[in-house]
Enquirer: 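This is the structure I have questions about; it appears just below.
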Amino acid sequence: MPRHLLSLLMISALLVGEDFAEAQQKLANYDESKIPPYTLPALLKTQAGKAVTTADEWTHMRRPEVLALFEQHVFGKTPSAATWGKVDFQVTEVKKDALGGKATRKLIHLSLPEHPAWAGMDVMLYTPNGLGKPAPCFVGPSFNGNHAVSPETDIPLSTRWMRASKDKNIVNNRATEASRGSESSRWPLEMIIDQGCAVASYYYGDVEPDQAEGWKEGLRAVLSQDGPATEWKEGDWGAIGAWAWGLSRIADYLETDADVNAKQLAVIGHSRLGKTSLWAGAQDQRFDVVISNNSGEGGAALMRRNIGETTAVITKAFPHWFTKTYVNYANQEAACPIDKHMLIALAAPRPIYIASAVEDTWADPKGEFLSGLQAEPVYALFGKKGYGVTEQPAIDSPVGDAIAYHIRTGKHDVTDYDWQQYLKFAKRHW
Ligand code: GCU
């Protein structure tokens, strides 16, 4: 082994969390020919071995099984509604002339009256003015809060814990005035509004800070019957499950807002939040369009392809994202009863878009493509078409019908190009 790799290995052994993941990016395999052979778990066969041949059998027999497998082995089970009880929505601001008069901006504080220990979450909603009908809406979590998503400077600054970032001007794990708009390139609000669509977002850290011990200060501890001293058991929900829960609570609110058509909700997320949008879309069928942007390992990428990030790396760097069981599949992917084509299939027959970026090799673009391809037999049961191709398309050449895909020029990010495709895709289905 070259000496620089050896020293990287030794350094990375001492690292944790994001730093560990970053060090591993330099050590990972990026060579297709070095991926050991694998067999994907059968999608259209029940756990008892019965072949699934109709949409009805998928919906009533196999789908519930697959969902339960993801709960048990990957993301954990979201508690029942009785656990959190009533959800309160308080509209704290309505600004009718937002974005130069194009939109109405609302801020909504969402809380759980039966669980006051949870500080709640602040949803930001932009709806187009003058549309004359309730707008379809994109719903997605943000990495840095409403003030970072919007270019408007009159939004309350989030006071919650945030991951350290010099780029985003996060100081002592808190946003600063200089953090305003730091995520706005990923949320082209005017473009979305101009297309007659609404956008609703919340800061994922409102539900739970994104760090290994974050659950102690988040919703999971508050809802845990044993209080914050709980050790998470196999099958209990992880942080991705909690963040996805937040997206479903936004859907609850949108059902009460006359400016939004709550029958037309696209759930969208990038990277770790793309894993989150896939899981939210799998569990909550009110999201009638599902979008995964560069979601990678733990998201759309097939876990059995050992290229880029692996199960071993993600469960070591980010153990809190998943249920405790998932770590058992580090270097043991073949033993896992699911792979990510099954996560895509959980969206069926609803339209789903999977997007990659060519420089985002850590996320395994080809593995993201293949999961959609392998989910096609489930869509076919509903008479729905998938990609229409069997090989990854050329760069910047989107393909697909009910399952769509593109690989864009550039790096791990959300760009205007991505949004242009999502808008076209969602509007085609709405
Ligand atoms: C890390 C992690 C990825 C994740 C990404 C992100 O790179 O290894 O799994 O998708 O962070 O969320 O930005």
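Remember, it's 1-based here, ligands and their atoms both numbered in the order they're listed.
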Enquirer: Using a strict threshold of under 4.0 Å (side-chain N to carboxylate O), is an ion pair present between Lys384 and Asp401?
Expert: no
Enquirer: Quick one about Asn144 and Ser182 (side-chain donor to acceptor, distance below 3.5 Å, no hydrogens or angles considered), yes or no?
Expert: no
Enquirer: Fit a plane to each ring of Trp118 and Trp245, take the angle between them on a 0 to 90° scale, and name the class: parallel (under 30°), tilted (30 to 60°) or perpendicular (over 60°).
Expert: perpendicular
Enquirer: Identify, for atom 12 (O) of ligand 1, the protein heavy atom at the shortest distance, and state residue, atom and that distance.
Expert: Arg272 NE, 2.5 Å
Enquirer: Taking the six-membered ring for Trp, are Trp321 and Phe318 parallel (under 30°), tilted (30 to 60°) or perpendicular (over 60°)?
Expert: parallel
Enquirer: At a 4.0 Å threshold, what atoms of ligand 1 neighbour a non-hydrogen atom of Ile314?
Expert: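 In order of number, 9 (O).
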Enquirer: To check your reading of the model: name the closest protein heavy atom to atom 2 (C) of ligand 1, its residue, and the distance in Å.
Expert: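 So the nearest neighbour among protein heavy atoms is Phe318 CE1, 3.4 Å.
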Enquirer: Can you sort out which atoms of ligand 1 are near Lys275, meaning under 4.0 Å from one of its heavy atoms?
Expert: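 So the atoms of ligand 1 that pass are 3 (C), 4 (C), 9 (O), 10 (O).
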Enquirer: May I ask you to list the atoms of ligand 1 that are less than 4.0 angstrom from any heavy atom of Trp362?
Expert: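 That gives atoms 2 (C), 7 (O), 8 (O) of ligand 1.
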Enquirer: Indicate whether any N or O donor in one side chain lies under 3.5 Å from an N or O acceptor in the other, for Asp210 and His320.
Expert: yes
Enquirer: Against ligand 1, does Glu22 come closer than 4.0 Å with any heavy atom?
Expert: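 Contact absent.
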Enquirer: Between Tyr405 and Ser356, do the side chains contain an N or O donor and an N or O acceptor separated by less than 3.5 Å?
Expert: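 Looking only at side-chain atoms, Ser356 and Tyr405 do form a donor-acceptor pair, the distance falling under 3.5 Å.
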Enquirer: Check each of Ser271, Ala21, Gly308, Gly269 against atom 4 (C) of ligand 1 and report the one with the nearest heavy atom.
Expert: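 The residue whose heavy atom sits nearest atom 4 (C) of ligand 1 is Ser271.
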Enquirer: Pick whichever of Glu309, His412, Glu297 has a heavy atom sitting closest to atom 9 (O) of ligand 1.
Expert: Glu309
